[in-house]
Each structure stands twice: as structure tokens, then as C-alpha cells.
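As the structure lists them, so they are numbered: ligands from 1, and atoms in each ligand from 1. If you're wondering where the values come from, they're calculated on a predicted model, not measured in any experiment.
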Amino acid sequence: MGSRWTYSELKFPSNELERTLIAVKPDGVQRRLVGQIIQRFEQRGFKLVGLKMVQASHGILSEHYGELRTKPFFQSLLTYMSSGPVVVMVWEGHNVVQASRKMVGQTNPAEAPAGTIRGDFSVHVSRNVVHASDSQEGAQKEIQLWFPAKDLLDWDCYDSNMW
Ligand SMILES: Nc1ncnc2c1ncn2[C@@H]1O[C@H](COP(=O)(O)OP(=O)(O)OP(=O)(O)O)[C@@H](O)[C@H]1O
Ligand SMILES: O=c1ccn([C@@H]2O[C@H](COP(=O)(O)OP(=O)(O)O)[C@@H](O)[C@H]2O)c(=O)[nH]1
Ligand SMILES: [Mg+2]
């Protein structure tokens with residue numbers, strides 16, 4: 001009788017439900033980068049729990065970027081972000097907020113290392129392809145702003161305890 005192999009030793013207990021909001025900005029959608037950006041979060045091991053394509057209004061964007069209201073680039077930021085569809089997503093997993101900021105890279109793509117999304121796909125701060133929440137608190141606010149709770153799916157991933 002051969003023994004059955006199980007991989008429970010490889011698993012770690014992952015009851016956390018940390019979530020973050022990621023958005024492919026209008027330049028990323030125009031440049032057909034949506035698939036490659038989703039692929040990076042999937043291959044890292046995060047779980048997609050919400051996804052939609054929207055043409056964002058200045059109203060929602062003003063709230064989303066409320067902390068930047070006094071910045072000189074605020075109006076141009078709203079114009080840019082409402083210039084075409086954005087693909088907004090909620091990703092879940094261990095340490096997903098901090099990990100996704102590292103995957104996205106610095107705000108200014110000139111400072112973002114190769115290997116990060118901004119470092120690989122963009123050159124200028126005003127067209128930096130992707131948004132990622134910058135804290136757990138910010139993520140919760142942004143998720144509530146963009147998604148009604150019923151549109152976030154709490155589905156079981158067959159390998160969810162692997163990472
Ligand atoms: N000096 C600037 N000129 C033009 N646009 C800017 C400038 N600084 C920031 N932005 C735009 O405003 C966005 C918001 O700035 P923020 O400081 O929140 O950066 P971030 O947190 O890296 O970006 P995001 O919130 O979109 O993930 C930036 O991603 C960028 O698109
Ligand atoms: O000097 C700046 C700083 C920010 N932004 C834009 O504002 C967004 C939000 O800024 P934040 O500081 O939140 O940076 P992020 O979280 O996007 O890295 C950025 O992604 C940029 O699109 C910009 O156009 N000019
Ligand atoms: Mg930000």
C-alpha cells in the first residue's frame with residue numbers, strides 16, 4: 001500500500017481577508033495592458049473578488065482622490081482619470097495592500113524600478129497606468145466607494161490555503 005501524499009505542510013493558515021483596490025487607469029486600458037496587469041496579481045497568488053469596467057465621473061474621482069484636492073495637478077488628474085474607461089478590481093490575500101504597492105512601483109514611473117508595473121509600462125507621473133490603495137484604511141474606503149458589498153464575491157479558491 002503506497003501512502004497518500006498530502007501537502008498540508010506546505011500550507012499556511014490564511015484566514016485574513018485583507019483586500020485592496022487596484023484600477024487600470026484610462027491610459028492602461030487604451031494601451032491594452034489590462035490582461036498583463038491582471039496576470040501579475042494572479043501569478044503572485046492573490047484572489048480576484050471584484051471586477052468592473054466603468055467610465056468614472058468627476059464626482060467619484062474627487063472622492064477617490066480627495067486627499068489631493070489642493071494639489072496643482074488635481075483638475076488634470078480628474079480629466080485624465082475620466083478620459084476613458086477604467087478597470088477597477090478588488091484583490092484579496094495575505095499582505096495584499098503593501099505587496100501590491102511594491103508590484104505597482106513609485107508614483108513617478110521615472111523612480112519605479114524595472115519589474116514593477118509602472119517601471120515596465122510607463123514613463124511619466126501623469127500617465128502612470130495603474131492605481132493601488134496605499135494603506136489598509138485607504139483600501140477599505142476605496143473599496144466601499146467603488147463597489148457595493150453585493151458585487152464582491154466571497155468565493156472559494158481550490159488552492160486558497162497555499163498562499
Ligand atoms: N506631479 C504630478 N503631475 C501629474 N500627475 C501627478 C503628479 N503627482 C501625482 N500625479 C497623479 O496623481 C496620482 C495620485 O497621486 P498619489 O500621490 O496618490 O500617487 P499614487 O498613490 O502613487 O497613485 P494612485 O493613488 O493613483 O495609486 C498619481 O498616480 C498620478 O497619476
Ligand atoms: O505629482 C503628481 C502626483 C500624482 N499624480 C497623479 O495622482 C495619482 C495619485 O497620487 P498618489 O500620491 O495617490 O500616488 P499613487 O498612489 O498613485 O502612487 C497618481 O497615481 C498620479 O496619477 C500626478 O499626476 N502628479
Ligand atoms: Mg495614491
Exercise for the section: Give yes if a backbone or side-chain nitrogen or oxygen of Asp134 is under 3.5 Å from a nitrogen or oxygen of ligand 1, and no if not. Expected result: no

Problem - Which segment of Asn128 sits under 4.0 Å of ligand 2 when only heavy atoms are counted - result: side chain

Problem - Asp156 bridged to Lys47 by N-O distance under 4.0 Å - result: no

Problem - Taking atom 9 (C) of ligand 2 as the reference point, the nearest protein heavy atom with its distance - result: Tyr65 CE2, 3.3 Å

Fill in the blank from the handout: If you scan protein heavy atoms around atom 5 (N) of ligand 1, the nearest is Ser126 CA, 3.7 Å

Exercise for the section: Return the option from Lys25, Lys71, His131 holding the heavy atom at the smallest distance from atom 20 (O) of ligand 2. Expected result: Lys25

Practice task
Determine whether more than 12 heavy atoms belonging to other residues, nucleotides or ligands lie under 6.0 Å from atom CD of Glu111.
Solution key: yes

Exercise for the section: Indicate, with yes or no, if Val130 and Ile60 share a hydrophobic cluster defined by side-chain heavy-atom contacts under 4.5 Å among Ile, Leu, Val, Met, Phe, Trp and Tyr. Expected result: no

Problem - Within-shell test, Arg101 vs ligand 2, heavy atom, strictly < 4.0 Å - result: yes

Practice task
Examine distances only and state if a side-chain atom of Arg19 and a backbone atom of Ile143 form a donor-acceptor pair shorter than 3.5 Å.
Solution key: no

Practice task
Without swapping roles, check the side chain of Arg127 against the backbone of Asp27 for a donor-acceptor pair under 3.5 Å.
Solution key: no

Practice task
Flag Phe73 as yes when one of its N or O atoms lies below 3.5 Å from any N or O atom of ligand 1, and as no otherwise.
Solution key: no

Exercise for the section: Give yes or no for whether the N/O distance cutoff of 3.5 Å, strictly under, is met between Asp134 and ligand 2. Expected result: no

Practice task
Would you mind checking which non-hydrogen protein atom is closest to atom 13 (C) of ligand 1, with the distance to 0.1 Å?
Solution key: Leu77 CD1, 4.0 Å

Practice task
Return a yes/no value for Tyr80: is any of its N or O atoms, backbone included, closer than 3.5 angstrom to an N or O of ligand 1?
Solution key: no

Handout entry: Heavy-atom side-chain contact between His94 and Glu18 under 4.5 Å
Key = no

Practice task
Have a look at ligand 2 and work out which part of His124, if any, has a heavy atom under 4.0 Å from it: side chain, backbone, both or neither.
Solution key: neither

Exercise for the section: Distance to 0.1 Å, residue and atom name: give those for the protein heavy atom nearest to atom 6 (C) of ligand 2. Expected result: Leu77 CD1, 3.6 Å

Completion exercise
Atoms of ligand 1 under 4.0 Å from any heavy atom of Leu68, numbered from 1 in the order shown, are 14 (C), 15 (O), 18 (O)

Practice task
Under 4.0 Å, heavy atoms only, figure out whether ligand 1 is touched by the backbone of Lys25, its side chain, both or neither.
Solution key: side chain

Problem - Approximate separation, where rounding is to 0.5 Å, of Glu92 CD and Trp155 CH2 - result: 9.5 Å

Practice task
Could you tell me whether Arg118 approaches ligand 1 through its side chain, its backbone, both or neither, with non-hydrogen atoms closer than 4.0 Å?
Solution key: side chain

Exercise for the section: Please round to the nearest 0.5 Å and tell me the distance separating atom CG of Leu145 and atom CG of Leu61. Expected result: 9.0 Å

Practice task
Evaluate the side-chain proximity of Arg118 to Thr107: yes if any heavy-atom separation is below 4.5 Å, no if none is.
Solution key: yes

Exercise for the section: Side-chain contact test, heavy atoms from C-beta onward, threshold under 4.5 Å: evaluate it for Met89 versus Leu48 and give yes or no. Expected result: yes

Exercise for the section: Identify which of Phe74, Tyr80, Phe73 has a heavy atom lying nearest to atom 5 (N) of ligand 2. Expected result: Phe73

Handout entry: Protein heavy atom at shortest distance from atom 17 (O) of ligand 2
Key = Arg118 NH2, 2.8 Å

Exercise for the section: Can you pull out the closest protein heavy atom to atom 20 (P) of ligand 1? Residue, atom name and distance to 0.1 Å, please. Expected result: Thr107 OG1, 3.3 Å

Handout entry: Arg101 contact mode with ligand 1 (heavy-atom cut-off under 4.0 Å)
Key = side chain

Completion exercise
re atom 10 (O) of ligand 2, the protein heavy-atom contact at minimum distance is Leu68 CD1, 3.5 Å

Problem - Flag, side chain of Asn128 to backbone of Pro109, donor-acceptor distance under 3.5 Å - result: no

Problem - ligand 2 contacted by Val125 (non-hydrogen, < 4.0 Å) - result: yes

Handout entry: Thr107, any N or O under 3.5 Å of ligand 2 N or O
Key = yes

Handout entry: pair His64-Trp146: side-chain heavy atoms closer than 4.5 Å
Key = yes

Handout entry: Distance in Å, Phe73 CZ paired with Ser126 OG, rounded so as to fall on 0.5 Å steps
Key = 10.0 Å

Exercise for the section: Just let me know how Asn128 lines up against ligand 1, side chain, backbone, both or neither, with a heavy-atom cut-off below 4.0 Å. Expected result: side chain

Practice task
Report yes or no: does Met81 have a heavy atom closer than 4.0 Å to ligand 1?
Solution key: no

Exercise for the section: Would you check whether Ala132 has a nitrogen or oxygen atom less than 3.5 angstrom from a nitrogen or oxygen atom of ligand 1? Expected result: yes

Practice task
Answer whether the closest heavy-atom distance between the side chains of Val49 and Trp91 falls below 4.5 Å.
Solution key: no

Problem - For Ser126, the ligand 2 atoms whose distance to one of its heavy atoms is below 4.0 Å - result: 24 (O)

Practice task
Specify side chain, backbone, both or neither for Val125, according to which of its non-hydrogen atoms lie closer than 4.0 Å to ligand 1.
Solution key: both

Fill in the blank from the handout: heavy-atom search around atom 27 (O) of ligand 1 in the protein gives His131 ND1, 2.7 Å

Problem - Geometric cation-pi criterion Lys52 and Phe147, 6.0 Å radius, 45° cone - result: yes

Problem - Validation row: Val129, Arg31 side chains within 4.5 angstrom (heavy atoms) - result: yes

Exercise for the section: Within a distance under 4.0 Å of any heavy atom of Tyr65, pick out the atoms of ligand 1 and give their elements. Expected result: 14 (C), 24 (P), 25 (O), 26 (O)

Problem - Glu142 (side chain) donor-acceptor with Thr20 (main chain) under 3.5 angstrom - result: no

